[in-house]
Amino acid sequence: MQKAHTKKNILYCHGLTKSYGSGTAEVKALQGIDLDVYQGELLMLVGPSGCGKTTFVSVITALLGFDSGTCTVLGHDLSRMNEAEKTAFRGRQIGFVFQAFNLISALSAVENVALPLTIFGTDKAIAISHAKKMLKRVGLEQKKDVLPGKLSGGQQQRVAIARALVHHPRLVICDEPTSSLDHTSGQIVMAFLKKLTKEHGMTMIVVTHDERVYTYADRIAQMEDGKIVQIEESR
């Protein structure tokens, strides 16, 4: 049972199901997910490979539809949105941090960070200005003109975080943000993400297998076989 919270609920899923295929080939990826996520918290989603974590994250970010249940994110009932609305929703209200960084090698750090803004029509000069400010927040203002290939893994991840946050999303999804980093770099990245949730009221869902960073979570949601089987409060 989830502990009662007084914080604002920004994600509500109840009875969420999703299957792939049909008949004997049917795979039940989600089998009745129940989960609330609250504003300003850092929730870690953990569980073995194949348990449904990626499917669940794809559903709550409107990349993938679902079969039954309820899913409301940031006040939007995802079942009632068309594809254009879903695209705008992702682009304006959700930030993504990927395991492989997904930086464009031919663009400088500041150009990579500015991408989410320019894609949605922000004037390039304004986008670059915002990107420089975000790089300063992650401690990389001196690396703004450097190409990703000249940065360390930890620095590339911080550029990726800056890119995810440059449009001030209300929800940030981090997919294995420390798995490609050494222990020290991973701790630095997680400490920074935790700081953002506390100082700016951002909400983060971190998908991870890295037990070294569990201490940064406010709560840990354990998934098995397409269900949330346990939610632990941070110690």
Side-chain angles (χ1 to χ4, degrees), residues 40 42 44 54 57-58 61-63 74 86-210 212-213 215-217:
L42 193 157
M44 289 188 181
T54 298
V57 167
S58 297
T61 55
L63 285 165
L74 301 171
K86 289 177 180 178
T87 298
F89 167 71
R90 283 192 301 273
R92 300 187 187 281
Q93 300 205 48
I94 298 179
F96 294 90
V97 179
F98 303 98
Q99 175 181 352
F101 314 140
N102 287 5
L103 301 176
I104 297 177
S105 60
L107 298 182
S108 67
V110 72
E111 290 170 332
N112 268 284
V113 175
L115 271 179
L117 297 176
T118 56
I119 286 173
F120 277 89
T122 302
D123 177 80
K124 184 175 180 180
I126 294 174
I128 292 293
S129 176
H130 285 303
K132 288 178 180 177
K133 293 176 183 177
M134 191 57 65
L135 281 174
K136 184 175 182 179
R137 284 181 60 187
V138 302
L140 290 177
E141 63 268 33
Q142 301 303 318
K143 302 289 186 179
K144 63 182 177 63
D145 296 318
V146 178
L147 295 176
K150 300 294 184 180
L151 300 173
S152 70
Q155 289 171 336
Q156 289 185 62
Q157 190 59 293
R158 281 190 281 160
V159 173
I161 291 169
R163 180 187 57 192
L165 303 180
V166 72
H167 59 299
H168 303 291
R170 295 171 61 193
L171 175 64
V172 179
I173 306 295
C174 304
D175 183 13
E176 300 285 359
T178 62
S179 64
S180 299
L181 305 177
D182 59 50
H183 176 72
T184 300
S185 297
Q187 295 291 312
I188 290 171
V189 164
M190 286 308 308
F192 180 71
L193 292 175
K194 180 76 168 183
K195 181 180 179 182
L196 287 173
T197 64
K198 299 309 174 190
E199 292 185 354
H200 301 282
M202 293 180 180
T203 302
M204 296 200 183
I205 298 176
V206 178
V207 179
T208 185
H209 288 95
D210 189 352
R212 301 172 300 175
V213 301
T215 55
Y216 292 96

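Along the sequence shown, residues are numbered consecutively beginning with 1.
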Discussion item. Checking Val206 against Tyr216 for the side-chain contact (heavy atoms from CB on, under 4.5 Å) test, could you report, in this order, the C-alpha distance in whole Å, the side-chain angles of both residues, the deciding distance, and whether it holds?
Written reply: CA-CA 10 Å; Val206 178; Tyr216 292 96; over 6 Å; no

Discussion item. Show, in sequence, the C-alpha distance, side-chain angles and deciding distance for Val159 and Val138, and conclude whether the side-chain contact (heavy atoms from CB on, under 4.5 Å) test is met.
Written reply: CA-CA 8 Å; Val159 173; Val138 302; over 6 Å; no

Worksheet item: Under the side-chain contact (heavy atoms from CB on, under 4.5 Å) criterion, do Arg163 and Leu103 qualify, and how do the steps go?
Response: CA-CA 9 Å; Arg163 180 187 57 192; Leu103 301 176; 3.6 Å; yes

Discussion item. Go through it in stages, so that I can follow the logic: the residues are Gln157 and Val97, the test is side-chain contact (heavy atoms from CB on, under 4.5 Å), and I'd like the CA-CA distance, side-chain angles, deciding distance and then a yes or no.
Written reply: CA-CA 8 Å; Gln157 190 59 293; Val97 179; 3.4 Å; yes

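Side-chain contact check for Leu140 versus Gln155: some heavy-atom pair is nearer than 4.5 Å. Between Met190 and Thr215 the shortest side-chain heavy-atom distance does not fall below 4.5 Å. The side-chain heavy atoms of Ile173 and Ile94, taken from C-beta on, include a pair separated by under 4.5 Å.
Rounding to the nearest 0.5 Å places CG of Leu115 at 12.0 Å from NE2 of His167. The distance from the CZ atom of Phe96 to the CD1 atom of Ile161 is 15.0 Å, given to the nearest 0.5 Å. One finds the OG1 atom of Thr178 at 11.5 Å from the NE2 atom of His209 (value rounded to the nearest 0.5 Å). Of the inter-residue distances, the one linking Leu63 atom CG with Lys86 atom NZ reads 9.5 Å to the nearest 0.5 angstrom. Rounding to the nearest 0.5 angstrom, the gap separating the OG1 atom in Thr184 from the CG atom in Asp182 is 5.5 Å. To the nearest 0.5 Å, atom CG of residue Leu135 and atom NE2 of residue His130 are 13.5 Å apart.
The backbone N or O of Gly40 lies less than 3.5 Å from a partner atom in the side chain of Thr203, making a donor-acceptor pair. The closest donor-acceptor contact from the side chain of Gln93 to the backbone of Arg170 lies at 3.5 Å or more, if one exists at all. Here the side chain of Ser58 pairs a donor or acceptor atom with the backbone of Thr54 at under 3.5 angstrom.
The side chain to side chain donor-acceptor pair (under 3.5 Å) analysis of residues 110-123, with sequence neighbours excluded, yields the pairs Ser108-Glu111.
With Val146 as reference, Lys143 is the one residue of Lys144, Lys143, Gln142 to meet the side-chain contact (heavy atoms from CB on, under 4.5 Å) rule.
The environment of Lys195 atom NZ is sparse: at most 12 non-hydrogen atoms of other residues, nucleotides or ligands sit within 6.0 angstrom.
The minimum heavy-atom distance linking Cys174 with Leu193 is given by the pair SG-CD1, 4.1 Å. The two residues Ser105 and Pro148 come nearest to each other via the heavy atoms O-CD, 3.7 Å. Of all heavy-atom pairs spanning Leu181 and Phe101, the tightest one is CD2-CZ, 4.0 Å. Residues Ala127 and Ala114 come closest through the heavy atom pair O-CB, 3.8 Å. When all heavy atoms are compared, the tightest approach of Arg212 to Gln187 is O-NE2, 3.3 Å. Taking both residues in full, the closest heavy atoms of Met134 and Val166 are given as CE-CA, 3.9 Å, listed atom of the first, atom of the second, then distance.
Applying the side chain to side chain contact (heavy atoms under 4.5 Å, CB included) test to Asp175 and every residue at least two apart in sequence or in another chain returns Val207. Arg92 is linked by a side chain to side chain donor-acceptor pair (under 3.5 Å) to nothing, counting only residues two or more places apart in sequence or in another chain.
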